[in-house]
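Each chain gets a letter, A, B and so on, in the order the sequences are listed, and its residues count up from 1.
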There are 2 protein chains.
Amino acid sequence: MPTTTAVRELPHPAPEEIRLETVLHALSDPIRLRIATALGAHGEGDGAGAACSQVELPVSASTATHHFRVLREAGVIKQCYRGTAKISCLRRADLEARFPGLLDAVLRAAAS
Amino acid sequence: MPTTTAVRELPHPAPEEIRLETVLHALSDPIRLRIATALGAHGEGDGAGAACSQVELPVSASTATHHFRVLREAGVIKQCYRGTAKISCLRRADLEARFPGLLDAVLRAAAS
DNA sequence: GCCTTAGTACGATAACCGCCGTACTACGAT
DNA sequence: ATCGTAGTACGGCGGTTATCGTACTAAGGC
């Protein structure tokens, strides 16, 4: 039997499904906030974003996976596979449309 | 012995002690977000603010106390006693100085 | 085919959090 | 002084979360 060729698409919430509490909770963790700010430094274009392993984190790989997933499921980041790497980038436009000014304010605050 | 006339002053973090993660965490709970938006509707002047009991919440009194305390310790609200009531109000100015645009963005997002 | 690199799924553990009820204190009114 | 109202402190319960290690899958290079 075919080993069901694992899903290469990742589930993301639709823009209108993004909930404020969930976003705030996702960003309230130091590790995840760090991920968000790191991704903020990278571009958001189609080819932009950073691989999980590019972002240096003081936790194990499996914990990092967990945090990236929380951010993705909250609608903060978008993830897609590119070869063996998984590229992540902020969903700036979606968040700006839904919660104007929020992400910018958080990133600016985190930078200080 | 005098029953040590209970402390009527409540501990608040200094403006520079307010941490972003803590604020985000405080606001990431539906009940607390509701409190914040309710207080946002009231003024912030010296005599303004609302008593805990003014904000209708779908939880018990002791749980409400807990949520107010989380908000206060995060630096989101200021609380002071007035008679038997405890008045709460947002620390708009302090938050604006420390994290410009953040509180407004959250309150505006919560309103929608 | 085999190895390396990147990331994941799973299970376990320990901490945290939200919630409650009960018993209590503080203040003001009667 | 007694009572009612407003809020608190404490302890407990149950669910969620952050963390890890281990074992695994996927893609690409040799």
Name all residues meeting the side chain to side chain contact (heavy atoms under 4.5 Å, CB included) criterion together with Pro58(B); count only those two or more places apart in sequence or in a different chain, and write none if there are none.
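Pro58(B): side chain to side chain contact (heavy atoms under 4.5 Å, CB included) contacts with Ile31(B), Arg34(B).
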
Nearest whole angstrom, please: distance from the [atom2] of [N] to the [atom1] of [X].
X        : N       : atom1 : atom2 : result
Gln79(A) : dA6(C)  : CD    : P     : 16 Å
Ile87(B) : dT5(D)  : CD1   : P     : 18 Å
Arg34(B) : dG18(C) : CZ    : C1'   : 15 Å
Asp29(B) : dG15(D) : CG    : P     : 18 Å
Glu21(A) : dT17(D) : CD    : P     : 14 Å
Ile31(A) : dC20(D) : CD1   : P     : 8 Å

Would you mind telling me which of [options] lies closest to the side-chain atoms of [X]?
X        : options                  : value
Arg32(B) : dG7(D), dC19(C), dG18(C) : dG18(C)
Thr84(A) : dG28(D), dA6(D), dG7(C)  : dG28(D)
His25(B) : dC17(C), dA6(C), dG7(D)  : dC17(C)

Does dT5(D) have OP1 or OP2 sitting under 4.0 Å from an N or O in the side chain of Ser53(B)?
no

With a 4.0 Å limit, can you tell me whether Arg82(B) has a side-chain N or O closer than that to the phosphate oxygens OP1/OP2 of dC27(C)?
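The answer is no; no side-chain N or O of Arg82(B) sits under 4.0 Å from OP1 or OP2.
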
Quick check: do [X] and [Y] have side-chain heavy atoms less than 4.5 Å from each other?
X         : Y        : result
Cys52(A)  : Gln79(A) : yes
Pro15(A)  : Arg91(A) : yes
Val106(A) : Thr37(A) : no
Pro11(A)  : Glu73(A) : no

Please lay out, stage by stage, how Leu20(A) and Leu102(A) fare under the test side chain to side chain contact (heavy atoms under 4.5 Å, CB included).
CA-CA 10 Å; Leu20(A) 177 60; Leu102(A) 181 61; 3.7 Å; yes

Nucleic acid contacts of residues 54-71 of chain A, taken as heavy-atom distances under 4.0 Å to DNA chain C:
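Residues of residues 54-71 of chain A under 4.0 Å from DNA chain C: Ser62(A), Thr65(A), Arg69(A).
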
Glu56(A) CD: over 12 foreign heavy atoms closer than 6.0 Å:
no

